[in-house]
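In what follows, every chain begins at residue 1, and chains take the letters A, B, ... in the order their sequences are listed. Hydrogens, waters and symmetry mates play no part in the numbers below; they use all other heavy atoms, side chains included.
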There are 2 protein chains.
Amino acid sequence: MKFDLDKLNKVFDNRIRVGIMSGLMVNESLSFNDLKEYLSLTDGNLASHLKNLEESQYITVTKGFIGRKTNTTYSATEEGKMAFKQHLTYLENLIKELK
Amino acid sequence: MKFDLDKLNKVFDNRIRVGIMSGLMVNESLSFNDLKEYLSLTDGNLASHLKNLEESQYITVTKGFIGRKTNTTYSATEEGKMAFKQHLTYLENLIKELK
DNA sequence: TAAAAGTACTTTGAATTACAAAGTTAATTA
DNA sequence: TAATTAACTTTGTAATTCAAAGTACTTTTA
């Protein structure tokens, strides 16, 4: 039997990106500061993981305002949601096998 | 709400180590070559991930023979099994929340 | 109106991690 | 005795991760 490593998505091989994605699966969108607080990260670290997810086309970025303050929000794309679900499904199957 | 990153075990933040552990959850023990074939890895890469898991005390190493050939086998420790289960349980809860 | 603070980054640099490839040791089989 | 096998270790490079500092722009506060 072979274990197909490629079924586990490399993008999600990181706890922070898993955290971002699960936030964005439950919430239609989250702001930079929401995510920063949600995950207790520094600006730079958060920004770099968001960039990674954006480059993978798993999230989209929308720049807007709340009142007069800038407000950037992030949402999971359909592709991102599917990829994340697939990743979790594969892990879920692992779990089942182990029981 | 906060996402507790520490509930996701850093040791399992890697596909190869997840693969090794799930192999060792299902099989009482596996040889170096079993694992090498199971995961399609080079010797060096496999050895380094095994070392990581051993240092984390999640697996044990037993050096023996099959006939006259050397045969090293690896097994998950109780601690390793628990840690891996906990990791997967936390992911499982994530999955549930997303449904 | 000048200074301080907030938002959302980017840049820099260091530390850690991952990985392939080659080398090693010791036994074994052709 | 030469080649093969097992299980590594070493070496070196590339990629990843992360904090901290810097930036640009706007807004609020003193």
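Taking atom CD of B:Glu37 as the reference point, atom P of D:dT5 lies 15 Å away to the nearest angstrom. For the pair B:Asn52 CG and C:dT17 C1', the computed distance is 9 Å after rounding to whole Å. Taking atom CG of B:Leu5 as the reference point, atom P of D:dA19 lies 11 Å away to the nearest angstrom. With rounding to whole Å, A:Glu55 atom CD is found 14 Å from C:dC9 atom C1'. When rounded to the nearest whole Å, the span between CG of A:Leu39 and P of D:dT17 equals 14 Å. The distance between atom CD1 of B:Ile66 and atom P of D:dA6, rounded to the nearest whole Å, is 10 Å. As rounded to whole Å, 15 Å separates atom C1' of C:dT16 from atom CG of A:Asp13. Atom pair B:Leu46:CG and D:dC8:P shows a separation of 9 Å (rounding to whole Å applied).
The nucleotide whose nearest atom lies closest to any side-chain atom of A:Ala47 is, among C:dT10, D:dC8, C:dA18, C:dT10. Candidate nucleotides D:dC8, D:dT17, C:dA18 were compared by shortest atom distance to the side chain of B:Lys63, and D:dC8 ranks first.
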Can you list the steps and then say if B:Val18 with B:Leu88 is a side chain to side chain contact (heavy atoms under 4.5 Å, CB included)? CA-CA 10 Å; B:Val18 166; B:Leu88 292 184; 5.7 Å; no
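With sequence neighbours excluded, the residues satisfying salt bridge (Lys or Arg N to Asp or Glu O under 4.0 Å) with A:Glu78 are A:Lys81. In this view, A:Asp43 and A:Lys36 satisfy the salt bridge (Lys or Arg N to Asp or Glu O under 4.0 Å) rule, not counting sequence neighbours. The side-chain contact (heavy atoms from CB on, under 4.5 Å) search around B:Asn14 returns B:Ile16, B:Arg17, B:His49, not counting sequence neighbours.
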Base, backbone or nothing for each nucleotide of nucleotides 19-30 of chain C, written B, S, -, heavy atoms under 4.0 angstrom, 5' to 3'? SSB-----SSS-
Can you list, pair by pair, the side-chain donor-acceptor contacts under 3.5 Å of residues 50-68 of chain B, counting residues two or more places apart and other chains?
unit_1  : atom_1 : unit_2  : atom_2 : d
B:Ser56 : OG     : B:Asn52 : O      : 2.9
B:Tyr58 : OH     : B:Asn9  : ND2    : 3.1

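Of the residues near DNA chain D, B:Lys51 and B:Lys36, the one whose nearest nucleotide (by heavy atom distance) lies more toward the 5' end is B:Lys36.
One finds a side-chain N or O of A:Asn33 lying less than 4.0 angstrom from the OP1 or OP2 phosphate oxygen of C:dA8. The side chain of A:Asn71 contributes no N or O atom lying less than 4.0 Å from OP1 or OP2 of C:dT7. One finds no side-chain N or O of A:Ser31 lying less than 4.0 angstrom from the OP1 or OP2 phosphate oxygen of C:dT7.
Overall bending of the helix from C:dT1-D:dA30 to C:dA30-D:dT1, expressed as the angle between end axes built from five pairs apiece, is 10° (10° steps).
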